[in-house]
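The shown structure was predicted, so the numbers you read here are calculated from the model rather than taken from an experiment. The chains referred to below are lettered A, B, ... by the order of the sequence lines, with proteins before strands, and numbering in each begins at 1.
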2 protein chains.
Amino acid sequence: MILKGPVEWGLHCCAVLSGLPEGQYLATRELAEFHGIPKEYLSKAMQSLSQASIVETSLGPRGGYRLAKAPDQITLLEIVEAIEGKHSTFICTEIRKNNPCLTFTNPDSKPCAIARVMWEADEAWRARLQRERLSDILETVKRDVPGELLRKNQEWISSRTQ
Amino acid sequence: MILKGPVEWGLHCCAVLSGLPEGQYLATRELAEFHGIPKEYLSKAMQSLSQASIVETSLGPRGGYRLAKAPDQITLLEIVEAIEGKHSTFICTEIRKNNPCLTFTNPDSKPCAIARVMWEADEAWRARLQRERLSDILETVKRDVPGELLRKNQEWISSRTQ
DNA sequence: CAAATTAAGGATATATATTGTCCTTAATTA
DNA sequence: TAATTAAGGACAATATATATCCTTAATTTG
Ligand code: FES
Ligand code: FES
């Protein structure tokens with residue numbers, strides 16, 4: 001696990017961008033202000049999302065970010081991996097190779113039994129995140145968050161994109 | 001995720017301890033030598049396993065560590081959590097609270113929808129590790145590792161416990 | 001065309017977490 | 001009694017995460 005804050009930021013930013021009117025962009029400055037986080041650092045996470053083709057950008061005045069795909073075509077795993085990277089959370093340093101009894105080399109040896117299970121656990125983690133689409137999150141939010149707040153959010157975004 | 005190496009070390013040490021003759025202990029020095037890792041730092045991981053009652057200790061000459069339970073009563077999750085801690089890998093800093101539109105307080109609000117899914121993914125990870133017992137690992141190792149190496153390991157351990 | 005604005009990204013600084021070492025203490029066994 | 005061991009505190013070194021600043025090139029708006 002490499003980036004802590006930026007993952008949370010990226011996920012929330014994608015959720016906000018999904019509420020953007022057609023053809024509009026929202027700039028890093030607004031995304032940072034909305035979430036109360038440092039603009040320059042958030043920019044790194046947005047760059048990662050851009051490179052992963054999860055968001056797309058426009059330069060110049062009224063530029064910024066918007067989703068590159070429909071929310072039901074974006075999984076949480078995509079977003080998390082774009083920012084954190086695709087490497088496993090468990091890193092095997094092959095300490096079994098240090099075994100003093102290992103005087104011969106075993107050419108066709110499998111990966112360590114312990115590492116394999118740790119990686120399977122990682123896969124289970126990934127599978128859950130892949131199952132969740134951004135659109136699923138949006139539905140939950142609509143159910144959980146008071147309508148008054150949802151309206152205010154819309155207004156806030158509108159006032160920065162017109 | 002806090003400790004990286006020590007988790008791998010702790011898992012391997014438990015596997016080694018499971019091959020210990022009845023009534024015998026293996027000291028940190030041997031465990032460190034067997035895995036080619038720093039003795040003093042490994043000691044921290046072993047202390048965590050001891051506090052979690054996964055291993056038990058004996059002081060004085062011929063002292064050291066042994067498993068506190070049968071290998072089929074120890075899950076990988078226990079070992080990992082003893083060393084890494086039980087906290088979730090995803091840390092929600094509640095950035096939603098920084099929303100400038102949030103002018104009122106929502107007393108009975110649920111945890112953030114995004115955090116909930118991230119925590120569910122964490123649960124899936126835990127579930128896989130809880131399903132795997134140390135005895136399962138030992139069986140896999142017996143199948144995968146050449147008998148010659150297994151024998152040498154046994155001898156190596158015996159020569160340090162007599 | 002000109003000016004303003006924006007993302008991209010390199011360089012660098014700071015804070016925090018991880019990794020590793022050293023040493024003391026108390027317990028226990030041979 | 002002497003040797004040995006785990007426990008754990010203190011500390012140093014290193015790596016990583018976090019944050020800021022600045023330059024560049026592209027693009028849109030007017
Ligand atoms: S050698 Fe890395 S987990 Fe076994
Ligand atoms: S506020 Fe932390 S994940 Fe939503």
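Rounded to whole angstrom, the span from the CD atom of B/Glu30 across to the C1' atom of D/dT4 amounts to 11 Å. One can place OH of A/Tyr41 at 15 Å from C1' of C/dG9, the figure rounded to the nearest angstrom. Atom-to-atom, CD of B/Gln24 to C1' of C/dA30 comes out at 14 Å; the value is rounded to the nearest Å. A straight line from CE of A/Met46 to C1' of C/dG9 spans 15 Å, rounded to a whole angstrom. In this structure, A/Leu42 places its CG atom 12 Å from P of D/dT20, rounding to the nearest Å. In this structure, the CZ atom of B/Arg66 is 14 Å from the C1' atom of C/dT28, given to the nearest Å. Rounded to whole Å, the distance from CG on B/Leu59 to C1' on D/dA3 is 13 Å. Protein atom CG of B/Leu26 is 9 Å distant from nucleotide atom P of D/dA6, rounded to whole Å.
Of all non-hydrogen atoms in B/Lys39 and B/Thr28, the two that sit nearest each other are O-CG2, 3.6 Å. The minimum heavy-atom distance between B/Leu49 and B/Ala82, with the atom names listed, is CD2-CB, 4.1 Å.
Residue order along DNA chain C, read from the 5' end via each residue's closest nucleotide, puts A/Arg29 first among A/Glu40 and A/Arg29. Place A/Pro61 and B/Thr57 on DNA chain D by their nearest nucleotides, and B/Thr57 ends up nearer the 5' end. Positionally, the nearest nucleotide of DNA chain C for A/Gly64 lies more toward the 5' end than for the other of A/Gly64 and A/Lys44.
Under the 3.5 Å distance criterion, the side-chain polar atoms of B/Glu8 are matched with a main-chain donor or acceptor of A/Glu94.
Side-chain atoms of B/Gln47 and base atoms of D/dG8 include a donor and an acceptor less than 3.5 Å apart. Residue-to-nucleotide contacts include no donor-acceptor pair under 3.5 Å from the side chain of B/Lys39 to the base of C/dG20.
Listed pair A/Ser58 / D/dT27 fails the phosphate criterion, with no side-chain N or O lying under 4.0 Å from OP1 or OP2. A sub-4.0 Å separation between OP1 or OP2 of C/dA8 and a side-chain N or O of A/Tyr65 is present. In terms of phosphate contacts, A/Ser50 brings a side-chain nitrogen or oxygen within less than 4.0 Å of OP1 or OP2 of C/dA8.
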Set out, in order, the CA-CA distance, both residues' side-chain angles and the distance that settles salt bridge (Lys or Arg N to Asp or Glu O under 4.0 Å) for A/Glu120 and B/Arg131, then state yes or no.
CA-CA 11 Å; A/Glu120 279 181 35; B/Arg131 195 150 64 70; 5.1 Å; no
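The residue B/Gln51 sits close only to the backbone: its heavy atoms come under 4.0 Å of sugar-phosphate atoms, none of a base. Counting non-hydrogen atoms under 4.0 angstrom, B/Ser43 reaches nothing in the nucleic acid. Nucleic acid contact class of A/Tyr25 (heavy atoms, under 4.0 Å, all strands): none.
In this model, a donor atom of one side chain and an acceptor atom of the other lie less than 3.5 Å apart for B/Gln47 and B/Ser43.
Distances from the side chain of A/Lys4 to the nucleotides C/dG20, D/dT18, C/dT19 place D/dT18 closest.
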